[in-house]
Number of protein chains: 2
Amino acid sequence: MRSYKPEELFDANGRLIPELKTLAPQGTKRMSASPHANGGMLRKDLRLSDFRDYGVPVEYPGKSEVENTNPLGKFLRDVMRNNLQNFRVFGPDETASNRLNAIYEVSKKTWMGDFLPEDLDGSELATDGRVMEILSEHTLEGWLEGYLLTGRHGFFHTYEAFAHVIDSMFNQHAKWLDICRNEVSWRSPISSLNILLSSTVWRQDHNGFSHQDPGFLDVVTNKSASVTRIYLPPDANCLLSVADHCLKSTNYINVIVADKQKHLQFLTMDEAIKHCTKGIGIWEWASSDDCGKDPDIPDVIMAGCGDVATMESLAATAILREEIPDLKVRFVNVVDLFKLQPDTEHPHGLSDRDFDSLFTTDKPIIFNFHGYPWLIHKLAYRRKNHANMHVRGYKEKGNINTPLELAINNQVDRFNLVIDVIDRVPKLGSAAAYVRERMKNAIIENVNYAHEHGIDKDEIVNWKWPF
Amino acid sequence: MRSYKPEELFDANGRLIPELKTLAPQGTKRMSASPHANGGMLRKDLRLSDFRDYGVPVEYPGKSEVENTNPLGKFLRDVMRNNLQNFRVFGPDETASNRLNAIYEVSKKTWMGDFLPEDLDGSELATDGRVMEILSEHTLEGWLEGYLLTGRHGFFHTYEAFAHVIDSMFNQHAKWLDICRNEVSWRSPISSLNILLSSTVWRQDHNGFSHQDPGFLDVVTNKSASVTRIYLPPDANCLLSVADHCLKSTNYINVIVADKQKHLQFLTMDEAIKHCTKGIGIWEWASSDDCGKDPDIPDVIMAGCGDVATMESLAATAILREEIPDLKVRFVNVVDLFKLQPDTEHPHGLSDRDFDSLFTTDKPIIFNFHGYPWLIHKLAYRRKNHANMHVRGYKEKGNINTPLELAINNQVDRFNLVIDVIDRVPKLGSAAAYVRERMKNAIIENVNYAHEHGIDKDEIVNWKWPF
C-alpha cells in the first residue's frame with residue numbers, strides 16, 4: 001500500500017490535499033449530475049405547427065373518405081422540418097405503407113451503407129436521414145428509448161399485430177417511467193413514448209390471420225395508470241388532435257390506434273377537438289333519443305371505439321333508424337380508452353356520475369370495440385350498468401377475408417349488431433323477428449358474395465351515413 | 001426455347017415421356033408429403049415414469065414446506081433419461097436457479113465452444129448436452145418451436161416477467177396451431193408447447209419491480225380457446241400431476257405458473273390428482289360451511305389461485321375462523337384457470353350450474369389471484385355472481401420488498417383479505433370493527449418490522465395452517 005505514496009495525497013489528518021480536491025468536477029460535471037443521464041434537463045419542447053391547418057374538410061358526417069394517417073404524415077413532415085435537431089420518426093420499413101410518406105419531403109431514411117444506382121428509384125435513403133427504418137421492432141424501440149432518455153422527441157409507428165415484439169421493452173420502460181414520476185423527484189420529465197399502431201386487425205385483407213392481433217392494448221392496460229394513455233381516434237381530424245396532444249406531453253406512453261386505409265370522416269376539426277378533449281361523447285347527429293323529456297329513453301346505447309368498429313356501429317344505427325323508427329338510439333364514441341375506467345383507477349377515468357349519464361344505469365349497451373372484447377369488461381367491470389354491457393370485438397376468427405366477412409366472422413358487423421339490439425331491447429320482442437330475419441339473410445348474402453367475387457358488394461364498400 | 005429440346009422431353013401429344021415421369025418421387029418423398037414438414041407423423045409419445053413416484057409426503061395440509069419445482073426436476077430428469085433421442089429442456093440459464101438441476105444428472109447444457117479448466121466447477125457443459133440454455137428467450141422459443149414442429153418434445157422454463165419477450169412468437173405459434181387443428185386435417189398433431197413460468201412476481205425480494213410482471217397470462221387468454229391451457233398448481237404434488245398431463249398432450253400451448261422457492265404443501269398425491277383433474281374445487285379441510293342444511297351458507301367464499309395467493313387466502317381464512325368463529329367460510333382453489341370461463345367459451349370452462357354450485361349466485365367471493373386481478377373479471381364476467389366477485393392480485397405496486405410487504409402493497413395479504421371479507425359480508429356489520437382494526441394494526445406492525453429488519457417476522461415466514 002505504501003507504493004501508492006499516501007503521504008503525497010493526504011495531509012497529517014488523513015484528509016485529501018486541497019490541490020487534489022479541487023480537481024473533482026463541480027456541478028453538472030459530476031457523474032451523478034450529468035444532464036445527459038437526466039435527459040429531461042436537456043429537453044426542449046417541440047416547435048409545432050398548428051395541427052388544425054392539416055385537417056380535412058367535413059361537410060356532413062359520414063359522407064367522405066380519407067386515408068386517416070395521410071394528413072398526420074403532412075403534420076409530422078412539418079414537425080420534422082421545424083425540429084431537425086431533436087425529432088426522429090421510427091418504423092419497420094412502413095413509413096410509406098402507413099401513408100406517412102410526406103415526411104420524406106423533409107428528411108429521408110437514415111442509410112450509412114453503399115448507395116447503388118437502383119436506390120434512386122424511390123428508396124428515400126440519405127446518410128443524414130432522420131427517419132429510422134429497420135424491420136426489427138425491438139431495435140427501433142431501443143433506439144427510441146435511448147433518444148427520449150437523452151432529451152429528444154420521437155414518433156414510432158408499426159404494424160398493430162407486431163407491436164407484441166416490444167411487449168417486454170414497453171413493460172420495462174413503463175415501470176421505469178412510473179418510478180421516476182412518482183418516486184425520483186430529481187428526474188426531469190422526458191418526452192412521451194408515442195406509438196402509432198397502424199395496419200390494423202380489420203384491414204388485413206391480404207395478409208390474413210397472422211397479421212391480426214389487437215392485443216398490445218391488453219399489455220398496456222396492465223401497467224401503471226400514471227404513465228399509460230390509449231387513443232382510438234375514429235377519423236383524420238381526431239387523429240391530428242390526438243397526435244398533437246401526445247407530441248406535447250411528457251412522461252407518458254401514448255398508444256394511438258388508427259388504420260392507414262380510407263375511412264369515412266365524421267367530425268369537423270372544431271368538433272374533433274371538442275370530442276378528443278372530452279375523450280368520449282354522444283354523437284348527436286347519429287342519435288335519435290334527444291327529446292329530453294321521457295326518462296325512459298334511450299332504448300339502447302350503441303357505442304363504437306376505433307375506426308372500423310365505429311363505422312359498423314353507425315351502419316347498424318342507420319339500419320335501426322330505418323327499420324325500427326320508434327326505437328330511441330343513443331350513439332356514443334370513445335376516443336380515450338381509459339375514460340371507461342373509474343376515476344379512482346385512472347386519471348382519465350370518468351366519474352360514475354359522468355359514465356352513468358352517458359351509458360345509463362339500466363339500458364342495454366351494444367359496445368363495438370376495435371380490439372379483444374374482454375378488454376372493455378376489464379376496464380368497465382365496476383360500472384353500475386356493466387351487466388347490460390354487451391361487447392363485440394376481435395375474437396381470433398380471422399383469415400384472408402374481405403373486410404365485411406372478417407367483421408361478420410367476429411360479429412362486429414352492422415347486421416350482427418342489429419341482431420344484438422333486437423335480442424337485448426325487451427320492448428322489441430318478437431315483433432322485430434322480421435328485421436332479425438332480414439339481417440340473417442343479409443349476412444348469408446354478403447358472405448356468399450365475398451366468396452364468389454373476392455370483394456365486398458359496392459353498397460358495403462361505398463356505404464355512407466344515410467341521414 | 002428450342003434449345004431446351006422439348007422433342008426429347010415430351011411426346012407428340014405434349015405429354016412428359018414415361019422415362020422422365022418415373023423420376024418423380026413417390027409417396028412421402030414428394031416435397032408436399034415429407035414427414036419432416038409434418039412432424040406429427042414422426043412424433044412418438046414420451047416414455048414417462050409414473051409421476052406419483054416423485055411426490056412429496058403430506059401428512060397434514062399446510063404444515064410442511066418444499067421447493068415446488070424440485071420434485072418436478074427429478075421427474076424431468078427421468079423423462080430425459082428415458083427419451084434421450086427426442087426430448088430437450090430449454091431455459092435462459094436458469095435450470096439450477098429454478099431448482100430443476102436434477103436434470104443435469106442425465107444430460108448437461110449443450111456447449112460447442114472451448115472447454116476451459118474453470119468450466120469444471122459446476123458449469124454443467126457437454127457437447128452432447130440436451131439442456132438448451134441461453135439468456136435469450138426468443139432464441140429458445142425459436143429452437144423449441146422447430147423441435148416440436150419436427151416431431152419431438154420439449155419443456156421451456158423461464159422467468160415469469162420475461163416471458164413477454166416471446167409474446168409475439170407465442171401469438172404466431174398459437175394461431176398456427178389453431179388453424180392446423182381446426183382447418184388442416186392432414187396435419188398430424190405435434191407435441192404441446194410446454195412453458196413453466198417460475199421465479200414469479202411474488203418472490204422477487206432482491207430483483208424488485210423490473211422482475212414483477214404476471215401479464216403473460218393476459219396475452220395467452222387472448223388466443224383461441226382450442227389451443228390454450230393455463231395451470232397454477234398450488235403445491236409440488238399438483239405441479240407434478242399437471243406437468244405429467246402437459247407432457248402427454250398434443251397441439252396445445254400449456255402454461256404452468258409455479259414458483260421455485262419453498263412453499264407450504266397442501267395435498268397428498270391422491271388428493272392432488274383429483275384436484276388437478278377437476279381443475280377447481282372446494283378444500284373441505286379449510287372450509288367451515290359444510291353442514292349441508294342451511295341454504296343460507298356459506299357467508300363468504302374465499303378463493304385462491306396460485307401458490308402465494310392460495311397461502312395468503314388460507315391465512316386469512318384461518319384468521320376468520322379464529323376471530324369470527326360463527327362465520328361460515330368456503331375455501332375454493334383454482335388450478336386450471338380456464339375453469340372460470342363459461343363452457344361455451346372454452347372447452348375447460350365450468351358449466352354455469354357447476355360454477356354456481358361452487359361460488360353461489362349471491363354470496364361475496366374474495367378471490368385472491370396470482371396475476372393481474374382484472375384477468376379474473378375478463379374470464380368470469382358472464383357468471384351470475386360476477387357482481388359479488390371481489391378480486392385481488394398484482395397491480396404494479398412493486399419494489400424491493402419483503403414477501404409480506406409486497407403482498408400488502410398489492411392488497412393480496414391475509415390482513416387485507418380479512419378486511420375485504422368484513423366489508424362485504426353484510427351480517428358482520430360494525431360488530432367486526434374490532435377485528436378490522438386489529439388487521440389494520442397488523443399491517444402497520446408488519447410493514448414497520450420489514451423496514452426495520454429487512455425480513456418478515458418469524459410468525460409470517462414460518463406460518464402454518466393452524467387447524
Side-chain angles (χ1 to χ4, degrees), chain A residues 137-138 159 161-172 174-176 178-179 182-183 208-228 341 345 371-382 384 386-387 389-391 393-399, chain B residues 137-138 159 161-172 174-176 178-179 182-183 208-228 341 345 371-382 384 386-387 389-391 393-399:
Chain A
E137 288 82 354
H138 52 289
Y159 265 103
F162 306 129
H164 277 297
V165 172
I166 60 160
D167 281 2
S168 187
M169 299 176 81
F170 156 80
N171 281 334
Q172 295 303 326
K175 282 174 179 277
W176 192 90
D178 180 36
I179 296 288
N182 300 313
E183 298 184 29
F209 195 40
S210 64
H211 284 51
Q212 294 163 356
D213 193 311
F216 187 65
L217 302 186
D218 296 74
V219 175
V220 175
T221 51
N222 278 346
K223 287 292 158 284
S224 168
S226 73
V227 302
T228 46
Q341 267 197 334
E345 301 298 309
Y372 291 106
W374 32 81
L375 177 54
I376 300 302
H377 294 291
K378 169 173 157 177
L379 298 173
Y381 68 86
R382 294 191 186 196
K384 278 200 201 78
H386 176 255
M389 209 162 183
H390 182 67
V391 187
Y394 185 70
K395 43 184 186 179
E396 293 287 307
K397 300 291 181 197
N399 212 316
Chain B
E137 288 83 354
H138 53 288
Y159 266 101
F162 306 128
H164 278 297
V165 173
I166 60 161
D167 281 1
S168 187
M169 299 176 82
F170 155 80
N171 281 334
Q172 295 303 326
K175 282 174 179 277
W176 191 91
D178 180 37
I179 296 288
N182 300 314
E183 297 183 30
F209 196 40
S210 63
H211 285 50
Q212 294 162 357
D213 193 313
F216 188 66
L217 302 186
D218 295 74
V219 175
V220 174
T221 50
N222 278 345
K223 287 290 156 286
S224 168
S226 73
V227 302
T228 47
Q341 268 197 333
E345 300 299 309
Y372 291 104
W374 32 81
L375 177 54
I376 300 302
H377 293 292
K378 169 172 156 176
L379 298 173
Y381 69 85
R382 294 192 186 196
K384 275 199 202 79
H386 176 255
M389 210 162 182
H390 182 67
V391 187
Y394 185 70
K395 43 183 185 178
E396 291 288 307
K397 301 292 181 195
N399 211 317

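Fair warning: this is a prediction, and the values are worked out from it, not measured in the lab. Below, read A as the first sequence line, B as the second, and so on, with proteins coming before strands; counting in each chain starts at 1.
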Which of [options] touches chain A most, by non-hydrogen pairs under 4.5 Å:
options                                    : result
Leu375(B), Asn399(B), Leu379(B), Asp213(B) : Asp213(B)
Gly371(B), Ser210(B), Ala387(B), Ala174(B) : Ser210(B)
Lys395(B), Lys378(B), His377(B)            : His377(B)

In terms of heavy-atom proximity below 4.5 Å to chain A, should [X] be classed as side chain, backbone, both, or neither?
X         : result
Glu137(B) : neither
Tyr394(B) : side chain
Lys223(B) : both

Report which part of Ile179(A) has an atom under 4.5 Å of a heavy atom belonging to chain B: side chain, backbone, both, or neither. side chain
Measure Tyr372(A) against the heavy atoms of chain B and call it side chain, backbone, both or neither at under 4.5 Å.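 Side chain only.
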Has the side chain of Lys175(B) got a donor or acceptor atom that lies under 3.5 Å from a matching backbone atom of Gln212(A)?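 Flag set: sc Lys175(B) to bb Gln212(A) pair under 3.5 Å.
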If the test is side chain to side chain contact (heavy atoms under 4.5 Å, CB included), which one of Asn222(B), Thr221(B), Val219(B) qualifies with Asp218(A)?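 That would be Asn222(B).
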Run the salt bridge (charged side-chain N to carboxylate O under 4.0 Å, His left out) check on Lys397(A) and Asp178(B) step by step: do they pass? CA-CA 10 Å; Lys397(A) 300 291 181 197; Asp178(B) 180 37; over 6 Å; no
Please report the interatomic distance [atom1]([X]) to [atom2]([Y]), rounded to the nearest 0.5 Å.
X         : Y         : atom1 : atom2 : answer
Glu396(B) : Asn171(A) : CD    : CG    : 7.5 Å
Ser168(A) : Tyr159(B) : OG    : OH    : 13.5 Å
Glu345(B) : Trp374(A) : CD    : CH2   : 7.5 Å
His164(B) : Gln172(A) : NE2   : CD    : 9.5 Å

So Tyr381(B) and His386(A), would you call those rings parallel, tilted or perpendicular, with 30° and 60° as cut-offs? perpendicular
